[in-house]
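The model shown is predicted, which means the values in this text are computed figures rather than measured ones.
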Amino acid sequence: METKRVLAFRQFNRFYTDILGFLNEHIYDSPFSLTETRILYEIYNTADCTAKIIQERLDLDRGYVSRIVRKFEEEGFIYKQKCREDGRNHFLYVTESGESVYKSLEKKANQQVEYILERIDKEEQEKLVHSMETIQNILQHSFYDKESPISIRDYYTSEDVKNIIEK
């Protein structure tokens with residue numbers, strides 16, 4: 001791989017992270033980290049959401065997801081409901097309080113983007129959005145290709161152990 005491309009890619013990531021303020025411990029001047037915010041987003045926007053779905057979708061450690069889900073449950077932002085077909089699984093749902101928190105975070109996220117966009121003229125906004133769509137399409141095609149089941153993790157799951165034993 002050409003080093004120039006790698007450096008340019010990383011430079012863009014640092015730049016974009018800085019623009020959005022994602023290195024701050026808490027996002028949108030809230031008590032939540034980026035990961036917590038994203039987990040709340042997934043629970044709010046995913047029908048019959050489970051911790052396993054979140055873990056797989058966000059490629060997060062099971063224990064980490066479990067701690068955040070437990071914290072949200074203790075704070076009254078979500079509740080669990082046992083799955084009728086498989087009692088080991090619990091569906092996660094947002095409470096009224098959790099919905100209020102989520103909508104507040106969503107509003108702040110939209111305000112942040114509006115603040116960024118209002119500094120850019122309409123034609124440049126269109127180019128920017130088109131470029132973002134291009135980046136997303138290229139990366140989606142490369143990383144979410146279902147024919148490529150390879151992933152690199154620094155942990156293993158019970159499913160991994162099962163597959164190793166069976167093979």
Side-chain angles (χ1 to χ4, degrees), residues 1-47 49-72 75 77-78 92 94 98-160 163:
M1 179 70 58
E2 185 180 314
T3 304
K4 185 177 177 182
R5 287 187 199 143
V6 170
L7 294 175
F9 193 103
R10 293 186 64 220
Q11 172 60 34
F12 175 79
N13 286 342
R14 285 190 296 273
F15 169 77
Y16 194 61
T17 300
D18 287 345
I19 290 288
L20 296 178
F22 285 163
L23 294 180
N24 297 335
E25 185 177 337
H26 300 107
I27 195 158
Y28 310 127
D29 295 323
S30 75
F32 304 104
S33 69
L34 176 59
T35 305
E36 290 169 331
T37 302
R38 184 61 193 272
I39 287 174
L40 189 59
Y41 169 89
E42 293 298 334
I43 296 169
Y44 185 85
N45 289 289
T46 305
C49 186
T50 64
K52 184 165 178 71
I53 288 172
I54 293 168
Q55 177 190 344
E56 291 173 353
R57 189 170 288 164
L58 302 181
D59 196 25
L60 294 171
D61 175 71
R62 185 175 79 191
Y64 188 41
V65 171
S66 177
R67 286 189 297 278
I68 293 173
V69 165
R70 189 175 326 116
K71 174 185 170 189
F72 283 174
E75 293 178 357
F77 299 146
I78 66 165
L92 306 174
V94 176
E99 183 175 353
S100 175
V101 167
Y102 171 79
K103 287 186 176 182
S104 173
L105 291 168
E106 185 77 6
K107 180 179 178 182
K108 288 179 181 181
N110 288 339
Q111 288 171 338
Q112 179 188 40
V113 172
E114 288 170 1
Y115 176 76
I116 292 168
L117 290 176
E118 72 186 14
R119 298 170 126 65
I120 304 169
D121 68 51
K122 299 280 188 225
E123 188 176 306
E124 290 294 308
Q125 287 180 24
E126 289 299 321
K127 286 194 311 194
L128 179 64
V129 169
H130 178 73
S131 297
M132 290 174 157
E133 289 169 348
T134 300
I135 291 168
Q136 183 175 346
N137 288 335
I138 290 169
L139 292 176
Q140 264 181 332
H141 179 71
S142 299
F143 280 89
Y144 297 118
D145 182 4
K146 299 300 178 193
E147 295 176 22
S148 177
I150 297 171
S151 67
I152 299 171
R153 301 183 300 229
D154 62 355
Y155 63 92
Y156 60 90
T157 65
S158 57
E159 188 71 23
D160 295 332
N163 287 333

Just so I know, are the side chains of [X] and [Y] near enough to count as touching, which here means a heavy-atom distance under 4.5 Å?
{"X": "Q136", "Y": "M132", "result": "no"}
{"X": "L117", "Y": "L128", "result": "yes"}
{"X": "I53", "Y": "E42", "result": "no"}
{"X": "T50", "Y": "L92", "result": "no"}
{"X": "V65", "Y": "D61", "result": "no"}

Exercise for the section: Could you list the residues that satisfy side chain to side chain donor-acceptor pair (under 3.5 Å) with E56, not counting sequence neighbours? Expected result: K52
Exercise for the section: Please list, chain by chain and in numerical order, all residues satisfying side chain to side chain donor-acceptor pair (under 3.5 Å) with E124, sequence neighbours excluded. Expected result: K127
Handout entry: Donor-acceptor contact below 3.5 Å, side chain T134 vs main chain H130
Key = yes
Exercise for the section: Heavy atoms only: give me the nearest I19-Q112 pair and the separation to one decimal. Expected result: O-NE2, 4.1 Å
Problem - Minimal non-hydrogen separation, Q125 against I120, with atom names - result: NE2-O, 2.8 Å
Exercise for the section: Can you tell me which residue pairs pass the salt bridge (Lys or Arg N to Asp or Glu O under 4.0 Å) test with a partner in residues 106-119, sequence neighbours excluded? Expected result: none
Handout entry: Verdict with supporting geometry, K122 and E126, side-chain contact (heavy atoms from CB on, under 4.5 Å)
Key = CA-CA 6 Å; K122 299 280 188 225; E126 289 299 321; 5.8 Å; no
Handout entry: Atom pair OG1 (T17) and CZ (R10), whose distance is rounded to the nearest 0.5 Å
Key = 11.5 Å
Problem - Pair Q11-Y16, side-chain contact (heavy atoms from CB on, under 4.5 Å): steps then yes or no - result: CA-CA 9 Å; Q11 172 60 34; Y16 194 61; over 6 Å; no
Problem - side-chain contact (heavy atoms from CB on, under 4.5 Å) between I39 and L60, intermediate numbers included - result: CA-CA 10 Å; I39 287 174; L60 294 171; 4.1 Å; yes
Exercise for the section: Please check if any side-chain donor atom of S33 sits under 3.5 Å from a side-chain acceptor atom of R38, or the reverse. Expected result: no
Fill in the blank from the handout: side-chain contact (heavy atoms from CB on, under 4.5 Å) with V94: of F77, Y41, Y44, only one passes, and it is Y44
Practice task
For the residue pair F15 and F12, categorise the inter-ring angle as parallel (less than 30°), tilted (30 to 60°) or perpendicular (more than 60°).
Solution key: tilted
